[in-house]
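This is a predicted model, so every value here is computed, not measured.
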Amino acid sequence: MTQVVTLSAPTAQDSVALAEIELCGELMIAASAAREDRLSPDRIDEVLKVGADGPERAAAVPRQLYHHRV
């Protein structure tokens, strides 16, 4: 007997999760390329394009990520 798995339509939560995964990946790449042990808060903001330089990306970042620092 074969089981069929049905997939639901993408939701807003799926989009947020994918955006978070992408941002985490960008942070990991930046961290692996950094010469320091940790990324500075300014470098994190630069990578995440938070602030005056990236209003289009800032809108896609969930509010809780603004308060957490890596």
Considering all heavy atoms, the nearest Leu48-Leu27 contact: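 Answer, listing the atom of Leu48 first, then Leu27: CD2-CG, 3.9 Å.
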Provide the closest heavy-atom pair for Leu39 versus Ala34 in the form atom of the first, atom of the second, distance.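 That would be CD2-CB, 3.7 Å.
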Taking the side chain as everything from C-beta on, heavy atoms only, tell me whether Val16 gets closer than 4.5 Å to Glu20.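 Yes - at least one pair of side-chain heavy atoms lies under 4.5 Å apart.
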Return yes when atom CD of Glu36 has more than 12 non-hydrogen atoms of other residues, nucleotides or ligands closer than 6.0 Å, and no otherwise.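 Counting neighbours around CD of Glu36, more than 12 heavy atoms of other residues, nucleotides or ligands fall under 6.0 Å, so yes.
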Rounded to the nearest 0.5 Å, what separates atom CZ in Arg38 from atom CD1 in Ile44?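 Output value for this atom pair is 9.5 Å.
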